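Keep in mind that this is a model prediction, so the values were computed, not measured.
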Amino acid sequence: MTYCVAMRLNAGLVFLSDSRTNAGMDQISTFRKMSVYEKPGDRVLVLMTAGNLAITQAVKQLLGNETIEGSDGEPVTIWTAKSLFDVARIVGSAVRKVHARDADALKKHGIDFNCNLTIGGQIKGETMRLFNVYAAGNFVEAGIDGVCYFQIGESKYGKPVIDRVVTPSTPLEEAAKCALISMDSTLKSNLSVGLPLDLMVYEADSLQVDKLIHIDESNAYFRMIRSSWGQRLRQVFDSIPDPTWNGDQPDLAANVVPQHQAMNPLSKINAPQA
């Protein structure tokens, strides 16, 4: 399993991925889920992958040379595409090629064709963009209808804090902190996600990578998050009053019946009389 999160903000982009690919009592494997493609001054592209490792590796192997027809009718690659939309099309095309080659063989062995990818970045002359590419090769874009982030892999544990904190106007440093807290929440609850991590923070219009960080157990900042986040949550939890049941404190009463009850109160089922 894995957990990756990518955020598209007004100030830039944040990408964070773990590296665990297998977890068990006596076997833990790691493999990088993030790939960074850079041509300084022209483009920065970041790909993150989740799902069957053999499938995602095969997709990545194709990406460097995969071509599609551009808007002008000429073939384009991830290095020559004029838009991130075309880059997402190239990723989708690579996924479909791997599916056409391997899906039937995988099915015979009872293995689903399982992959999920995010691709984002910026190409000179275009704004930053972020896409989520599915196993069918189709994709959606962040920033539509207010959604400014994507998660792939084991997403449920790290989602609540992002939903409560991150908006398009969130500063990059704050978004990076939120991504790391989201990752810590996932690490705490799921053995199939693990260190080390890769964090990439991209500033809008810089067209180069200058914040690409590898995080392991020795990273002081992440160790601080791991030790303090749970403590702070406990402090906030303890500061919230317990519910009351006798009505002495109406603001804290948990047994007040709403004026417009949508459903009748739950009725007890009594034991039959002997």
Using every non-hydrogen atom in the two residues, find where I152 and M48 come nearest and quote the distance to one decimal.
CD1-O, 3.6 Å
Around atom NZ of K177, are there more than 12 heavy atoms from other residues, nucleotides or ligands closer than 6.0 Å?
no
What about L172 and L180, same hydrophobic cluster or not, with Ile/Leu/Val/Met/Phe/Trp/Tyr joined at side-chain heavy-atom distances under 4.5 Å?
yes
Give a yes or no answer on whether the side chain of Q231 reaches the backbone of S227 with a donor-acceptor pair at less than 3.5 Å.
yes
Spacing of D205 atom CG and Q122 atom CD [to the nearest 0.5 Å]
4.5 Å
Heavy atoms, side chains only, cut-off 4.5 Å: are D198 and I213 in contact?
no
Answer yes or no: does atom CG of N65 have more than 12 heavy-atom neighbours from other residues, nucleotides or ligands under 6.0 Å?
no
Can you confirm whether L63 sits close enough to Y37 that some side-chain heavy atom of one is under 4.5 Å from a side-chain heavy atom of the other?
yes
Does the S19 side chain pair with the main chain of P196, one donor and one acceptor, at a distance under 3.5 Å?
yes
Could you grab the distance from atom CG of L117 to atom CG of N132, nearest 0.5 Å is fine?
8.0 Å
Side chains of I68 and D86 in contact at under 4.5 Å (non-hydrogen atoms)
yes
Please say yes or no: joined through hydrophobic side-chain contacts below 4.5 Å, possibly via intermediate residues, are V98 and F139 part of one cluster?
yes
More than 12 foreign heavy atoms under 6.0 Å from CD of Q208: is that the case here?
yes
Polar contact flag, side-chain donor to acceptor under 3.5 angstrom, K159-S182
no
Test item: T80 side-chain N/O and V76 main-chain N/O as donor-acceptor pair under 3.5 Å
no
Can you confirm whether L84 sits close enough to I123 that some side-chain heavy atom of one is under 4.5 Å from a side-chain heavy atom of the other?
yes
Closest heavy-atom pair, A175 versus T170, reported as atoms and distance to 0.1 Å, is N-CG2, 3.7 Å
Does the side chain of T2 pick up a donor-acceptor pair with the side chain of K33 at under 3.5 Å?
yes
Of all the heavy-atom pairs spanning G158 and T186, show the shortest one and how long it is.
N-OG1, 3.4 Å
Joint cluster assignment, L212 & F222, ILVMFWY side-chain distance < 4.5 Å
no
When rounded to the nearest 0.5 angstrom, what is the spacing between OG1 in T244 and CD in Q249?
5.5 Å
Spell out, as yes or no, whether a donor-acceptor pair under 3.5 Å connects the side chain of D18 to the backbone of G194.
yes
Taking the side chain as every heavy atom from C-beta outward, state whether M224 and W229 have any atom pair closer than 4.5 Å.
no
Between M7 and V166, is the side chain to side chain contact (heavy atoms under 4.5 Å, CB included) condition met? List the steps.
CA-CA 9 Å; M7 303 173 180; V166 174; 4.0 Å; yes
Quick check against the 3.5 Å criterion: does T77 have a side-chain atom that pairs as donor or acceptor with the backbone of W79?
yes
Using modelled atom types only, decide if a donor and an acceptor are shared between the side chain of N190 and the backbone of S192 within a distance under 3.5 Å.
yes
To the nearest 0.5 angstrom, please state how far the CZ atom of F85 sits from the CZ atom of R129.
7.5 Å
Please report the interatomic distance CG(L9) to CE(M128), rounded to the nearest 0.5 Å.
7.5 Å
Audit row: E173, V201, side chain to side chain contact (heavy atoms under 4.5 Å, CB included) steps and yes/no
CA-CA 9 Å; E173 291 77 10; V201 179; over 6 Å; no
Would you say V5 ends up clustered with V193 if hydrophobic residues are merged whenever their side chains have heavy atoms under 4.5 Å apart, either directly or through other cluster members?
yes
Non-hydrogen side-chain atoms of D104 and F113 separated by less than 4.5 Å
no
Checking E66 against S93 for the side-chain hydrogen bond (donor to acceptor under 3.5 Å, both in side chains) test, could you report, in this order, the C-alpha distance in whole Å, the side-chain angles of both residues, the deciding distance, and whether it holds?
CA-CA 8 Å; E66 182 70 6; S93 176; 2.5 Å; yes
Test salt bridge (Lys or Arg N to Asp or Glu O under 4.0 Å) applied to D42 and K124, step by step
CA-CA 5 Å; D42 180 69; K124 186 176 181 179; over 6 Å; no
Give, for atom CG of L207 and atom NZ of K39, the distance between the pair rounded to the nearest 0.5 Å.
11.5 Å
Carboxylate-amine/guanidinium contact R8 E141, below 4.0 Å:
no
Applying side chain to side chain contact (heavy atoms under 4.5 Å, CB included), name anything that partners S267, two or more places apart in sequence or on another chain.
none
Which atom of I78 lies closest to which atom of L45, heavy atoms considered:
O-CD1, 3.6 Å
Is there a side-chain contact between L197 and M183 in this structure, where contact means two heavy atoms from C-beta onward sitting under 4.5 Å apart?
yes
Output, in order, the C-alpha distance, side-chain angles, deciding distance and verdict of side chain to side chain contact (heavy atoms under 4.5 Å, CB included) for R226 and E217.
CA-CA 10 Å; R226 303 209 72 180; E217 296 87 346; over 6 Å; no
If hydrophobic clusters are built by linking Ile, Leu, Val, Met, Phe, Trp and Tyr wherever their side-chain heavy atoms come under 4.5 Å apart, do F150 and I162 end up in the same one?
no
Nearest heavy-atom approach of I55 to C115 is CG2-CB, 3.8 Å
Between F15 and Y149, does the ring centre distance come in under 6.0 Å?
no
Can L199 and V14 be said to form a side chain to side chain contact (heavy atoms under 4.5 Å, CB included), step by step?
CA-CA 8 Å; L199 172 66; V14 174; 4.1 Å; yes
Is there side-chain contact between F131 and V91, with heavy atoms separated by less than 4.5 Å?
no
Closest approach of R96 and N138, non-hydrogen atoms and distance?
NH2-N, 3.8 Å
Please determine whether a side-chain nitrogen of the Lys or Arg among E154 and K156 lies less than 4.0 Å from a carboxylate oxygen of the Asp or Glu.
yes
